[in-house]
Amino acid sequence: MKEAQNRRIQRIYRELLLLCRPFVHKHDVAKLRKAFDIVLEYHRPTWEETGQDYIYHSIEVAKIVIRELNLGVTSVICALLHNVVDNKKVTIEQIQEGFGMEVATIVEGYVKLSDLQTEKISVQSDNFRKLYLSIISDIRVILIKLAHRLQDMRNFGQVRNTGKDRFLEE
C-alpha cells in the first residue's frame, strides 16, 4: 500500500514539474523540491495514521495554479505550502527564511483570508470586496484560494467520503 502511494505521489509531483518546466529557472527547482518536501513531511502523519491522501490536495492545487491559472513558480510554491501554515505546522517566519519575503507574504495572506468568518457576509457586498482587498496585498492569494476551492469541488465525493468535510471547516 505505501509503495503504491509513494509511486502515486512521485508521479503527480513529476507531472507538476513538467507543467512548471516552461516557467522554472535553475534556482527555482530547489525551492520547488523544498516546498514539496515540507508538504510531504507535513502530510505524512495524516496518511500514515489514517490512510487519507491529503497530500494530493496540495499538489493538485499547485497544478491548477500553473496549468489553469497560468501563474508562475512562486505561486506554485505558495500553493504547495498553503495548508502547512494554515494548520500551524510551520510558521510564516520559517517560510520567509526558506523561500523569501514574497512567498511568505502570499502564504500569510492566504492564512488571513482563510481565517475570515464569511458565512454571514453577502458575497456580493461591496464591504466584503473591500475587506478582501484590505487584507490581501497580492491578487495571487485569492487565485490560490480559488484553486483550492476548485480542487475541493472536483473531489467533493472523495472529500465527503473521508468523514471530514473540509468545506465546513474553512
Side-chain angles (χ1 to χ4, degrees), residues 12-13 15-40 42-43 54-156 159 165-170:
I12 62 174
Y13 177 67
E15 290 171 5
L16 176 63
L17 289 178
L18 286 173
L19 291 170
C20 291
R21 183 176 283 166
F23 306 99
V24 75
H25 299 288
K26 252 185 181 173
H27 64 279
D28 292 330
V29 174
K31 285 183 180 181
L32 268 171
R33 184 60 200 206
K34 186 176 183 178
F36 175 74
D37 288 342
I38 289 171
V39 170
L40 189 63
Y42 163 70
H43 287 295
Y54 293 114
I55 187 166
Y56 303 123
H57 169 78
S58 295
I59 299 169
E60 291 299 329
V61 170
K63 287 169 64 176
I64 291 168
V65 162
I66 193 80
R67 179 179 53 223
E68 297 175 46
L69 298 177
N70 295 316
L71 299 177
V73 176
T74 299
S75 298
V76 170
I77 291 168
C78 295
L80 284 170
L81 297 172
H82 79 277
N83 277 339
V84 177
V85 175
D86 199 24
N87 291 316
K88 314 281 190 274
K89 299 294 181 184
V90 177
T91 67
I92 291 295
E93 291 76 24
Q94 289 169 313
I95 296 294
Q96 185 176 345
E97 288 173 20
F99 299 95
M101 188 62 172
E102 183 178 21
V103 170
T105 300
I106 294 170
V107 173
E108 183 177 37
Y110 182 91
V111 172
K112 287 179 182 178
L113 188 62
S114 295
D115 287 344
L116 283 179
Q117 300 299 318
T118 58
E119 298 86 23
K120 297 177 185 167
I121 301 174
S122 169
V123 174
Q124 297 173 342
S125 164
D126 276 341
N127 291 337
F128 183 71
R129 283 192 286 275
K130 289 176 186 174
L131 176 64
Y132 263 33
L133 295 174
S134 69
I135 290 174
I136 307 308
S137 62
D138 193 315
I139 191 68
R140 292 176 288 186
V141 172
I142 295 171
L143 295 172
I144 292 168
K145 185 66 170 181
L146 289 172
H148 171 102
R149 292 295 188 178
L150 177 60
Q151 201 280 330
D152 281 347
M153 287 187 287
R154 286 179 176 168
N155 296 290
F156 187 68
V159 171
D165 194 346
R166 290 191 313 207
F167 288 108
L168 298 177
E169 289 181 359
E170 294 179 359

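All values derive from a computational prediction rather than experimental measurement.
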Looking at every non-hydrogen atom in both residues, tell me the closest pair between V24 and V73 and how far apart they are.
CA-CG2, 3.8 Å
Can you measure from CD1 (I95) to CD (E102) and round to the nearest 0.5 angstrom?
13.5 Å
Any chance you could measure I92, atom CD1, to M101, atom CE, to the nearest 0.5 Å?
9.5 Å
Separation of N155 CG from Y56 OH (nearest 0.5 Å)
12.0 Å
Shortest non-hydrogen separation from A35 to L80 and the atoms involved
CB-CD1, 4.0 Å
Determine whether N83 and H148 make a side-chain contact, defined as any pair of heavy atoms from C-beta on separated by less than 4.5 Å.
yes
Can you tell me how far apart OG (S58) and NZ (K63) are? Round to the nearest 0.5 Å.
13.0 Å
Report yes if some heavy atom in the side chain of F36 is under 4.5 Å from a heavy atom in the side chain of L32; otherwise report no.
no
For the backbone of A79 and the side chain of H82, can you confirm whether one donor and one acceptor N or O come within less than 3.5 Å of each other?
yes
Within the structure provided, determine whether F99 and L81 are in side-chain contact (heavy-atom separation under 4.5 Å).
yes
State, yes or no, whether a side-chain contact exists between S75 and L143 at a heavy-atom distance under 4.5 Å.
no
Determine whether R21 and L17 make a side-chain contact, defined as any pair of heavy atoms from C-beta on separated by less than 4.5 Å.
no
Rounded to the nearest 0.5 Å, what separation is found between the CD1 atom of I64 and the CD1 atom of I144?
11.5 Å
Indicate yes or no: does R154 engage E68 in a salt bridge with an N to O separation below 4.0 Å.
yes
I need the minimum non-hydrogen distance between V65 and A147, along with the two atoms involved.
CG2-CB, 3.9 Å
Does the Lys NZ or Arg CZ of R140 fall within the cation-pi geometry relative to Y110 - under 6.0 Å from the ring centre and within 45° of the axis?
no
If you look at every heavy atom in I38 and V84, which pair is closest and at what distance?
CG2-CG1, 4.0 Å
Going by heavy atoms in the side chains, are I106 and T74 under 4.5 Å from each other?
yes
Looking at every heavy atom in both I66 and L71, which two are closest together, and how far apart are they?
CD1-O, 3.0 Å
From NZ (K31) to NE2 (H25), nearest 0.5 Å:
11.0 Å
